[in-house]
Amino acid sequence: MLQISCPFCGDRAESEFSYGGEAGIARPSDPDALSDAQWADYLFMRKNPRGKHRELWNHAQGCRRWFEVERDTVTYAISASRKLARRDNHNR
Amino acid sequence: MKKYSALSLLTNALSQNRNWSEAWRSPEPKRQYDVVIVGGGGHGLATAYYLAKEHGVRNIAVLEKGWIGGGNTGRNTTIVRSNYLWTESSLLYEKSLKLWEGLSQDLNYNVMFSQRGVYNLGHSLQDMRDIERRVGANRLNGIDAEVVTTEQIKLAVPLINTSPRSRYPILGASLQRRAGVARHDAVAWGFARAADALGVDIIQQCEVTGINRDGGRVSGIQTTRGTINTNKVGVVVAGNASVLAGMAGLRMPIESHPLQALVSEPMKPVLDTVIMSNAVHGYISQSDKGELVIGAGIDAYTGYGQRGSFQTIEHTLEAIIELFPMFSRVRMLRQWGGIVDICPDACPIISRTSVDGLYFNCGWGTGGFKATPGSGWTFAHTIARDEPHELNAPFELRRFETGALIDEHGAAAVAH
């Protein structure tokens, strides 16, 4: 089981969290302008890297807030955990 | 290839079994092949076999970075069935099941395919409605399926807990009698031996490090044992599909997750069929060695580590003990993980790509073993003809652009 550091609550067991997949996928600001291939890329295509991965977790059984974790997908070691950056556009 | 038979067993026994020849050669890679298959698991070896057998391609290499069958082929719970909900997937898996039924004879290798039946349990009214719908859909597609009652289950599997007072009472099940299990290692070895006999070069300890392209076409691949020129590359690498796709500048709708399984100490025969439960998420059968073979769900996070979390196993064993209280005292012998390639619609990708001559077969997720022969058969057709067979045409990558997804999440008798 992973030990995940919630930036709001501190270190907790993985079973308190739910996984949200790849972080930093920005919703296109004008979906109508996209081709089907571009929309499919946004909806379905993932980096799925072997190594460092930026991903979203939700502290479902705690503060219920989303945050970002940097984790190695081979060693499973977590190298960083941070609050989501606030941006001006539609990015998460 | 020396044919295996009762006579060959006898003559080799007379010479103290010292004269068996190797089941397949270990050749040095050539500089050029007509087709290179990346990935020496069951699906890759089956692809090479059917390319040689059905399409007459002779100059084929299968490259494997470890040893053949050392990935998910040797790590799964060996269940074979075809009771999927949607027509596209049930026809694909049924093609595979039909190939399974003649596979030992076809390969001249005993893959120990045992059609002992598979029960998919229902624990709620909604489960039973879904089961009736799926059984009806299967029968319309010519696939054997039936709905059985709690009493029929208890009669067939006396150990199972059918108490109406249990946390998840068993209200009934679907049963596919032609489904069952096969010996996974034998599947890899049988396909390897039969492919080798048709001239396929199986090259182990050979990792692909790059895919060469010339214009929009594949021109060769780079490996840890040198560069190989070829115009056709078929990639069948399960959990590593995104990594290989990246070498050709492609993106895949795949996320790789750890999936675990475990076996108990060997016991006298107690369970002669396969029991699967979607709601409590466990599946169990007993191997010919007597071990209980138990499969878990995937870990929530993505990972390539070929191991998973204890809480996932704990969750599965809670379900198994709920169903079979007497197994609470059985000791578990070992547990392991494999890396499965999960697709958004829980269906595979058997497809051409935007790079000419580059084909991908991936996205089988948690249920690829049952499809081994059918996957190889359709992928071989796709590579040889440069177009999909009608069975795998719905499973091309373009479905993610057209929106024609085949949603088997939860519909395919188990949650993926």
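Below, all heavy atoms of this structure are taken into account, side chains as well, without hydrogens, waters or symmetry copies. Below, read A as the first sequence line, B as the second, and so on, with proteins coming before strands; counting in each chain starts at 1.
- Without hydrogens or angle criteria, B:Thr209 side chain to B:Thr224 main chain gives no donor-acceptor distance under 3.5 Å.
- One side chain, B:Ser89 or B:Glu408, offers a donor N or O that lies under 3.5 Å from an acceptor on the other.
- Of the residues considered (A:Pro49, A:Gly51, A:Ser15), A:Pro49 shows the highest number of contacts with chain B, using heavy-atom pairs under 4.5 Å.
- Contact annotation for A:Gln38: neither backbone nor side-chain heavy atoms come within less than 4.5 Å of a heavy atom of chain B.
- When heavy atoms are compared at a cutoff of 4.5 Å, B:Asp341 does not approach chain A at all.
- Using a 4.5 Å heavy-atom cut-off against chain B, the contacting residues of residues 2-14 of chain A are A:Leu2, A:Glu14.
- A:Asn48 and B:Ser242 form a side-chain donor-acceptor contact under 3.5 Å, judged by distance and modelled atom types alone.
- Comparing B:Arg251, B:Gln306, B:Glu255, B:Met252 by heavy-atom pairs within less than 4.5 Å of chain A, the highest count is held by B:Arg251.
- Although no hydrogens or angles enter the test, the distance criterion places a donor-acceptor pair under 3.5 Å between the side chain of B:Ser351 and the main chain of B:Leu397.
- Of the candidates A:Glu70, A:Glu22, A:Glu68, A:Glu68 is the only one forming a salt bridge (Lys or Arg N to Asp or Glu O under 4.0 Å) with A:Arg54.
- Residue A:Asp72 does not touch chain B at all, counting heavy-atom pairs closer than 4.5 Å.
- At a cut-off of 3.5 Å, with distance as the only test, no side-chain donor of A:His53 or A:Thr73 sits close to an acceptor on the other residue.
- Residue contact with chain A, scored on non-hydrogen atoms closer than 4.5 Å, involves the side chain of B:Leu405 exclusively.
- Using a 3.5 Å distance cut-off with no hydrogens or angles, the side chains of B:Thr382 and B:Asn392 do pair a donor with an acceptor.
- The main-chain N or O of A:Pro31 is never found under 3.5 Å from a side-chain atom of A:Trp39 such that the two would form a donor-acceptor pair.
- Around CZ of B:Arg398, the count of heavy atoms belonging to other residues, nucleotides or ligands within 6.0 Å does not exceed 12.
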